[in-house]
There are 2 protein chains.
Amino acid sequence: MSQMTMQEIARLSGVSLATVSRTIKNPQLVRPKTRERVLSMMAEHNYVYHATAADLSRRKSSVIGVTIPTTRNPVFASSSLAIQEIAQKKGFSIILGNTHHDAAIERQLLQSFQERHVAGMILTGFTLHQEAYLNNLARAGIPCLVIWEKLDEPWLSYIGFDNFKAARSMTEYLISLKHRRIGLIIGPFSKIGRVKKRLDGYRSALQDHNIAFDPDLVIEKEPLLYDGKEAMTRLMFLPKRPTAVFAASDMLAIGALSAAWDLGFNVPQDVSIAGFDDIDFAAYCSPPMTTVRVPSHEIGRLAAKYLIEAIEQGSMPLRHHCLDTDIVVRNTCSELR
Amino acid sequence: MSQMTMQEIARLSGVSLATVSRTIKNPQLVRPKTRERVLSMMAEHNYVYHATAADLSRRKSSVIGVTIPTTRNPVFASSSLAIQEIAQKKGFSIILGNTHHDAAIERQLLQSFQERHVAGMILTGFTLHQEAYLNNLARAGIPCLVIWEKLDEPWLSYIGFDNFKAARSMTEYLISLKHRRIGLIIGPFSKIGRVKKRLDGYRSALQDHNIAFDPDLVIEKEPLLYDGKEAMTRLMFLPKRPTAVFAASDMLAIGALSAAWDLGFNVPQDVSIAGFDDIDFAAYCSPPMTTVRVPSHEIGRLAAKYLIEAIEQGSMPLRHHCLDTDIVVRNTCSELR
DNA sequence: CTGAAAGCGCTTACAG
DNA sequence: CTGAAAGCGCTTACAG
């Protein structure tokens, strides 16, 4: 048990506790000779700094809380990676939790973040109806950033993109390829704000082009490969099947592609498929997936950067940062014959 | 600033600090009347428990440190998800860090875990040559579990599987399909222990079947899609190209599949491809990937379970847990014509 | 059932 | 350049 404390090191080096603390945090305040003696004592006795005690004493923390819907969907990997890299470089630790899009779990997670007195939080795609709680946090002076959403509440900060616009663009792209019977496989829009926006974008595009909305053509699923496959199978067995399918998440799209392949449909000759997210795998499907590119890494990078700035400055300016998305045309969509 | 402390709540409720602490942690020790008064005060004033201070005072912690090579490779998602779920349920928070297979980063991460006085650590596929450091941790009484590796050091605990055996089996499977010219696309075996074992497994299988080892046929890459594609392209342009390719990571295998598709090779008719890991996507490739199934979720589940048991009991029994892998035969491998 | 007090391992004015 | 002392927000014997 290397139970060495500063107190011990101080005694062993014949200096005061304060001096040990200084040689660690402000070495320039300590005479080189003294410093060396203390340092060598620490090395010799395997001293380990107690960051938690320091945080408490200093009344500030160096950990950041991050929530993610689920690690299972690689779409969030890229932004969370960016956050981790920047945080690590700046000396912050990350506490991570999966919400599974469950309001109760998310709530509990935020609670635990707060109890650990994190310096700030980044919430990836937070569940609807927690705004009140977020307000509490803001009032408690905890910098808090929502990412992957474009929030409607002007008093909450976010870094995201326009899910409505992105989904509408992709639908329009499909329409521009002469498709009029366009299936939609989509995540749980009844639970998740940004997914709802995608549904709305799809409907808006149809409406603008005088295409009647057909509820049989939209299937709500969890954003998982299996679900995408199942949904696609269902769509392809419809009496009047779609000529194009927009899967509003690459997980769903890749599942859908696999279904098409199994059923013997050629993509894109027999049916077009479009995805959303541009996860790494999208470019490596056969054929490579046409999808919506989302600035995932950039979102994470900005979030970490802004949050850490806010922590260091002691106050969080409101951020409403909406990044651009674009359509990556690859080979899963073609003009209707 | 909701700077409410127990002290404040105590004053407001006309009881002592100790009583407030008790109504939170040991309510049965407090008279119901008192308890209620305190509770309602806490609610009214939005009191937030300070877990960090409590940890310090109690001289124990309720956070677990977890390292992962990189969130970018979804192969680790499944075990890390399992860890998080269990930890969350048991009231532990997770600090996460990516090592990128870089010894210096990993070292720094472990250091920060130690400084935060985590209750225990789970290290996913740790870098070679940190054994000494791990020993320190063990001696300091910090339960520590390495996962995804089968360690040779008997005094270190791990939960993993036999990379050597798994790779040898897959190679033998390919040989059983009459292939004798088998390419190997593999991760950085010079840096990572478990990858080296896979290389050894491949070589051992060849040797057992009197197939000469051809260095031109093995390509060392980072386990990324892009790298898999590049490596496969290189292999297929070899003067004497392989009839089967074992990509010792599904990321590499999926990249390889994409290359084959681009180059106009049919899989498996023109060339067989086998993967390793059985990530979710493997089953949804076109065609579905034959690969090595690794009990990823189970590894995470066991690791979290054992670690938390150790934390609660105050001591860590040595664990050498080697789980089974098996070959999932899907459609990317066929007999040599 | 409740309170006073010591202590967890640090930091940080304040004095010298 | 260094030290003594108060304090961060809790927990936990010990006494009553």
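The chains referred to below are lettered A, B, ... by the order of the sequence lines, with proteins before strands, and numbering in each begins at 1.
Atom C1' of nucleotide C:dG16 and atom CG of A:Leu29 are separated by 16 Å, given to the nearest angstrom. Computed from coordinates, the A:His50 NE2 to D:dC8 C1' distance equals 13 Å when rounded to whole Å. If you measure from atom CE of B:Met4 to atom C1' of D:dG9, you get 14 Å, rounded to the nearest angstrom. Counting to the nearest Å, the C1' atom of C:dT11 and the NZ atom of A:Lys60 are 11 Å from each other. Atom P of nucleotide C:dT12 and atom CG of A:Asp55 are separated by 11 Å, given to the nearest angstrom. Summarising the geometry, the separation between NE2 on A:His117 and P on C:dC10 is reported as 20 Å, rounded to the nearest angstrom. For A:Glu8 and C:dC8, the CD to C1' distance is 14 Å, given to the nearest whole Å. The separation between A:Ile9 atom CD1 and C:dG9 atom P is 13 Å, rounded to whole Å.
If you check D:dG9, C:dT11, C:dC1 against the side chain of A:Tyr49, the one that comes closest is C:dT11. For A:Leu17, whose side chain is taken as the heavy atoms from C-beta onward, the closest listed nucleotide among C:dT11, D:dT12, C:dG9 is C:dT11. Side-chain proximity of B:Ala53 to the nucleotides D:dG3, D:dT2, D:dC10 is greatest for D:dC10. With D:dG9, D:dT11, C:dT11 as the candidates, the nucleotide lying closest to the side chain of B:Met6 is D:dT11.
A close approach under 4.0 Å does not occur between any side-chain nitrogen or oxygen of A:Ser57 and OP1 or OP2 of C:dG9. Remark: B:Arg22 is not in phosphate contact with C:dT2, judged by side-chain N or O atoms under 4.0 Å from OP1 or OP2. Side-chain nitrogen and oxygen atoms of A:Arg31 include at least one within less than 4.0 Å of the OP1 or OP2 phosphate oxygen of D:dT2. Listed pair A:Thr34 / D:dT2 meets the phosphate criterion, a side-chain N or O lying under 4.0 Å from OP1 or OP2. The phosphate of C:dC10 (OP1 or OP2) has a side-chain N or O of A:Tyr47 nearer than 4.0 angstrom.
Residue B:Ala54 is in sugar-phosphate contact alone, with no base atom involved, counting any heavy-atom pair closer than 4.0 Å across all strands shown. Using a 4.0 Å heavy-atom cutoff across all strands shown, A:Glu115 reaches no nucleic acid atom at all.
Taking the charged nitrogens against the carboxylate oxygens, A:Lys89 and A:Glu85 have no contact shorter than 4.0 Å, which rules out a salt bridge. Under the 4.0 Å criterion applied to side-chain N and carboxylate O atoms, A:Asp55 and B:Arg116 are assigned as salt-bridge partners.
Rounded to whole Å, the P atom of C:dC10 lies 24 Å from the corresponding atom of C:dC14. Remark: the separation of the C1' atoms in C:dT12 and C:dG16 is 16 Å, to the nearest Å.
For B:Thr19 against C:dG3, no side-chain N or O and base N or O form a donor-acceptor pair under 3.5 Å.
Remark: C:dC1 base-pairs with D:dG16; criterion is Watson-Crick or G-U wobble with both hydrogen-bond distances under 3.5 Å.
Within a 6.0 Å sphere centred on CZ of A:Arg72, other residues, nucleotides and ligands contribute 12 heavy atoms or fewer.
No side-chain donor from either of B:Arg37 and B:Thr19 sits under 3.5 Å from a side-chain acceptor of the other. Side-chain polar atoms of B:Gln313 and B:Glu309 form no donor-acceptor pair below 3.5 angstrom.
Where B:Ala18 and A:Ile24 meet DNA chain C, the nucleotide closest to each residue was compared, and B:Ala18 sits on the side nearer the 5' end.
A heavy-atom distance below 4.5 Å is not found between the side chains of A:Val75 and A:Ser296.
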